[in-house]
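See below for the structure under consideration.
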Amino acid sequence: MNSVKQRMPRLLDWLDEREPDVVCLQETKLADDAFTTLLGKELAGRAYETALYGEVQWNGVALLSKVGIEDVVTGVAGAPGFPNPEARAVAATCGGIRIHSLYVPNGRAPDSDHYVYKLAWLKALRDVVAAGPAEQIVCGDMNIAPADADVFDPAAFVGSTHVTAPEREALAALLATGLHDVVRDRWPTERVFSYWDYRAGMFHQDLGMRIDLVLASDPVAERVKAAWIDRKARKGTGPSDHAPVIIDLDVAPDGDIGPVVPPPSNPRGARKRTTKLPQNR
DNA sequence: ATGTCATCCCCAGGATGA
């Protein structure tokens, strides 16, 4: 978001355009009471329930769901703070899937305390996910480019965070709990970015990074019908510096993911679904 | 490739974070 307050009109338009069942937000930069004051009515009017974990000034994550939002947990058990806990993780079970909305610490520079913090935080996250249920989605601003193909020029990132071996190993350890990078799996050889610096016309030259990931466990990954980055949402006036990552899931064999109570206006109780095609340009 | 955009302080623009 880079401030949900600054992004509110674009967020609401985007929700109305895409109609996602579940939304994971990062960098809301808003305390929970201020979030509710700002967006509570707008979200409730769109049938979203919320799980919030914010701060006054920095960080901040949220989950919005139309398919239930149960067993909310804020933070990552066992993760360090800097030095105090930061609002970087919220998890809940939505439509039968354990969903984690994450804002991984940036790391700043490989020789910094922030980098040590980032790696320790990721290790704690891995342990939480490893202890989680079979159906999980771990997503958000991971602040790691999984491979050199996920940055516009690997040479430009030598010595920087987001691409170092220890960060990629921490991500690999997270994936080794049984998760799939569903966007890369769908677009194995495409140039696919989710973040472009505001400066120097980087977006318009498509000089970006793919650091916003959706990682899905086996039974969830098997249901992925579309996985793409909504590059259009980065265009125009007043965007965030990140673009949303969108995943469409088929209904589960047991019927999970769908309204907990079918909308009364729909007598068949069946939810119309469309598969969104990639729109990466 | 550091050119922007956001936060805070609290009214002017510097410090900080990404």
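Naming: A, B, ... by sequence-line order, numbering from 1 per chain.
Note that the CG atom of D197(A) and the CG atom of L207(A) stand 10.0 Å from one another [nearest 0.5 Å].
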Between V182(A) and V245(A), does a side-chain contact (heavy atoms from CB on, under 4.5 Å) hold up when you go through it step by step?
CA-CA 10 Å; V182(A) 298; V245(A) 185; over 6 Å; no
Apply side-chain contact (heavy atoms from CB on, under 4.5 Å) to the pair I247(A) and R223(A), showing each step before the final yes or no.
CA-CA 10 Å; I247(A) 303 300; R223(A) 290 164 51 193; over 6 Å; no
Pair R7(A)-S240(A), side chain to side chain donor-acceptor pair (under 3.5 Å): steps then yes or no
CA-CA 7 Å; R7(A) 227 58 65 202; S240(A) 168; 4.9 Å; no
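Of the candidates dA18(B), dG3(B), dA1(B), the closest approach to any side-chain atom of F152(A) belongs to dA1(B). Closest contact between the side chain of Y103(A) and the listed nucleotides dA6(B), dA1(B), dA18(B) involves dA18(B). The side chain of S3(A) lies closest to dT7(B) when the candidates are dG3(B), dA1(B), dT7(B).
Summarising the geometry, the separation between NZ on K118(A) and C1' on dA18(B) is reported as 12 Å, rounded to the nearest angstrom. Counting to the nearest Å, the P atom of dA6(B) and the CG atom of N106(A) are 18 Å from each other. Residue D197(A) contributes atom CG, which lies 10 Å from atom P of dT4(B) at whole-angstrom precision. Atom P of nucleotide dC5(B) and atom CE of M1(A) are separated by 16 Å, given to the nearest angstrom. Between the NE2 atom of H242(A) and the P atom of dA6(B) there is a distance of 13 Å, given to the nearest Å. If you take CG of N59(A) and P of dC8(B), they are 13 Å apart, rounded to a whole angstrom. One interatomic measurement links the two molecules: NZ of K5(A) to P of dC5(B), which rounds to 19 Å at whole-angstrom precision. Summarising the geometry, the separation between NE2 on H204(A) and P on dG3(B) is reported as 19 Å, rounded to the nearest angstrom.
In summary, E27(A) and R88(A) do not engage in a salt bridge, as defined by a charged side-chain N under 4.0 Å from a carboxylate O. Using a cut-off of 4.0 Å between Lys/Arg side-chain N and Asp/Glu carboxylate O, K123(A) and E169(A) are scored as not salt-bridged.
If you find the closest nucleotide of DNA chain B to G107(A) and to Q6(A), the one lying nearer the 5' end belongs to Q6(A). Checking K29(A) against D141(A), the closest nucleotide of DNA chain B that is more toward the 5' end is the one next to K29(A).
Taking the P atom of each, dA1(B) and dA18(B) are spaced 23 Å apart, rounded to whole Å. For the P atoms, the distance from dA15(B) to dG3(B) is 16 Å, rounded to whole Å. Distance check on atom P: dC10(B) versus dT16(B) gives 16 Å, rounded to whole Å. dA12(B) and dT7(B) are spaced 16 Å apart, taking the C1' atom of each and rounding to whole Å.
With sequence neighbours left out, the side chain to side chain contact (heavy atoms under 4.5 Å, CB included) criterion links P146(A) to D150(A), L171(A), D181(A), R210(A), L213(A).
Side-chain N/O atoms of R7(A) include none lying less than 4.0 angstrom from OP1 or OP2 on dC5(B).
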Quick one: which protein N/O atoms are closer than 3.5 Å to N/O atoms of nucleotides 9-16 of chain B? Pair and distance per line, please.
none

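N2(A) and Y198(A) share a side-chain donor-acceptor pair at under 3.5 Å.
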